[in-house]
Amino acid sequence: MTPGSARNSWVIVLTFVLALVLTMMPLPYALELVRPEWVALCLIYWCLALPERIGITLGWLMGLLLDVARGAVLGQHALALTIIAFLTVRLHRRIRLFPVWQQAASVLMLVLLGQMVALWIRGAVGQPSGGWLTWLPALSSMLAWPIIYYFLRHLRRAFQVK
């Protein structure tokens with residue numbers, strides 16, 4: 001890592017802190033059901049933009065933070081975000097070629113996969129699944145992707161994060 005690229009790493013940290021705050025912010029029940037997966041969206045963006053700097057380790061750490069913050073089974077979100085980060089880094093060259101609306105479809109698949117892993121872990125420890133409402137955050141994440149993509153791209157370019 002060059003000194004210039006490390007200089008603006010605070011932008012990446014700040015976006016993840018903001019994603020955690022948006023994830024933990026209390027909402028009415030109806031809005032809670034459709035809350036996008038902010039941390040996963042942020043992780044996907046940075047894995048696409050800077051796959052050599054952001055990857056599996058950060059996905060795992062952010063997942064552990066989410067597990068602790070949400071009081072979930074330790075490792076539930078960590079495993080899900082690790083898988084999302086791995087697939088995003090592995091496929092970043094392909095996904096970056098897509099227009100934003102097709103990237104949103106890829107984001108939907110990645111978030112659904114993360115939710116399936118979390119659902120599997122919850123089922124393994126005997127927690128209820130939540131029914132079909134469990135999948136609504138994946139849809140809202142897909143719809144939020146263009147906004148997140150353009151916002152984070154603007155930040156990355158404005159602060160020259162490389």
Side-chain angles (χ1 to χ4, degrees), residues 1-27 31-93 95-96 98 100 103-119 121-122 136-162:
M1 184 181 326
T2 64
S5 64
R7 183 181 67 225
N8 290 333
S9 293
W10 64 269
V11 174
I12 298 170
V13 172
L14 184 66
T15 59
F16 277 108
V17 168
L18 180 61
L20 279 171
V21 167
L22 288 171
T23 299
M24 298 309 301
M25 184 181 354
L27 293 174
L31 292 177
E32 182 71 35
L33 292 174
V34 295
R35 180 194 309 256
E37 296 288 339
W38 297 113
V39 175
L41 289 172
C42 191
L43 181 67
I44 291 169
Y45 176 80
W46 288 114
C47 284
L48 287 174
L50 303 170
E52 64 282 348
R53 287 183 63 192
I54 308 298
I56 296 169
T57 304
L58 185 62
W60 181 73
L61 288 172
M62 292 307 298
L64 281 179
L65 279 173
L66 265 180
D67 289 333
V68 171
R70 286 187 169 175
V73 175
L74 194 60
Q76 171 183 325
H77 292 99
L79 179 60
L81 289 178
T82 300
I83 292 170
I84 289 172
F86 171 76
L87 289 173
T88 305
V89 169
R90 184 88 170 127
L91 301 171
H92 79 277
R93 287 187 183 108
I95 296 173
R96 285 198 313 203
F98 297 156
V100 175
Q103 286 180 8
S106 298
V107 166
L108 173 68
M109 292 299 127
L110 289 166
V111 173
L112 277 174
L113 179 63
Q115 287 184 318
M116 288 171 67
V117 168
L119 183 64
I121 292 172
R122 282 196 308 267
L136 288 178
L139 286 172
S140 63
S141 296
M142 178 187 73
L143 295 174
W145 175 250
I147 297 165
I148 296 300
Y149 174 79
Y150 288 120
F151 174 72
L152 291 178
R153 186 176 74 168
H154 173 73
L155 276 180
R156 182 174 55 91
R157 289 180 177 175
F159 291 100
Q160 298 176 356
V161 179
K162 294 178 183 175

- Item | Interatomic distance, I148 atom CD1 to L143 atom CG [nearest 0.5 angstrom] | 12.0 Å

- Note on the structure: Correct closest heavy-atom pair for T88 and C47 would be CG2-CB, 3.5 Å

- Do I95 and H92 pass the side-chain contact (heavy atoms from CB on, under 4.5 Å) test, and can you show the C-alpha distance, the side-chain angles, and the key distance before you say yes or no? CA-CA 5 Å; I95 296 173; H92 79 277; 5.8 Å; no

Would you tabulate the side-chain donor-acceptor contacts of residues 149-159 under 3.5 Å, counting partners in other chains and residues two or more places apart, or write 'none'?
{"from": "R156", "atom 1": "NE", "to": "Y45", "atom 2": "OH", "distance (Å)": "2.9"}

- Query: Roughly how far apart are L91 CG and S106 OG, rounded to 0.5 Å?
  - Reply: 8.0 Å

- V111 and E37: which non-hydrogen atoms are nearest, and at how many Å? CG1-CG, 3.8 Å

- Item | Results of side chain to side chain donor-acceptor pair (under 3.5 Å) for Q115 - residues two or more places apart only | none

- Considering non-hydrogen atoms only, spot the tightest contact between G75 and D67 and give its length. N-OD2, 2.7 Å

- For M116, what residues pass the side chain to side chain contact (heavy atoms under 4.5 Å, CB included) criterion, not counting sequence neighbours? W135

- Message: If the condition is side chain to side chain donor-acceptor pair (under 3.5 Å), which residues does R90 pass it with, not counting sequence neighbours?
- Response: none

- What are the two closest non-hydrogen atoms of A85 and G55, and how far apart are they? CB-O, 3.6 Å

- Task: Compare every heavy atom of I84 with every heavy atom of A40, then report the nearest pair and how far apart it is.
- Result: CB-CD1, 4.3 Å

- Query: Can you list the residues that meet the side chain to side chain contact (heavy atoms under 4.5 Å, CB included) rule with T82, with sequence neighbours excluded?
  - Reply: I56, W60

- Message: Among residues at least two apart in sequence or on other chains, which ones pass side chain to side chain contact (heavy atoms under 4.5 Å, CB included) with L113?
- Response: I83, L87

- From L136 CG over to L33 CG, what is the distance, rounded to the nearest 0.5 angstrom? 6.5 Å

- Spacing of T15 atom OG1 and L41 atom CG [to the nearest 0.5 Å]: 11.5 Å

- Query: Once you round to the nearest 0.5 Å, how far does CG of L119 lie from CG of L112?
  - Reply: 11.0 Å

- Task: State, with a plain yes or no, whether a side-chain heavy atom of R35 is found less than 4.5 Å away from one of L27.
- Result: yes

- Task: For W38, check ring pair (Phe, Tyr, Trp, His ring centres under 6.0 Å) against everything at least two apart and list the hits.
- Result: none

- Message: Going by the rule side chain to side chain donor-acceptor pair (under 3.5 Å), which residues pair with R122 if we only count those two or more places apart in sequence or in a different chain?
- Response: none

- Side-chain heavy atoms of L20 within contact of M62, under 4.5 Å: yes

- Looking at residues at least two apart in the chain, or sitting in another chain, which of them share a side chain to side chain donor-acceptor pair (under 3.5 Å) with R70? H77

- Task: Grab the two heavy atoms, one from A80 and one from G114, that are nearest each other, plus how far apart they are.
- Result: CB-O, 3.4 Å

- Item | I12: partners by side chain to side chain contact (heavy atoms under 4.5 Å, CB included), with sequence neighbours left out | F16, W46, L50, R53, I54, V161

- State, with a plain yes or no, whether a side-chain heavy atom of L108 is found less than 4.5 Å away from one of L139. yes

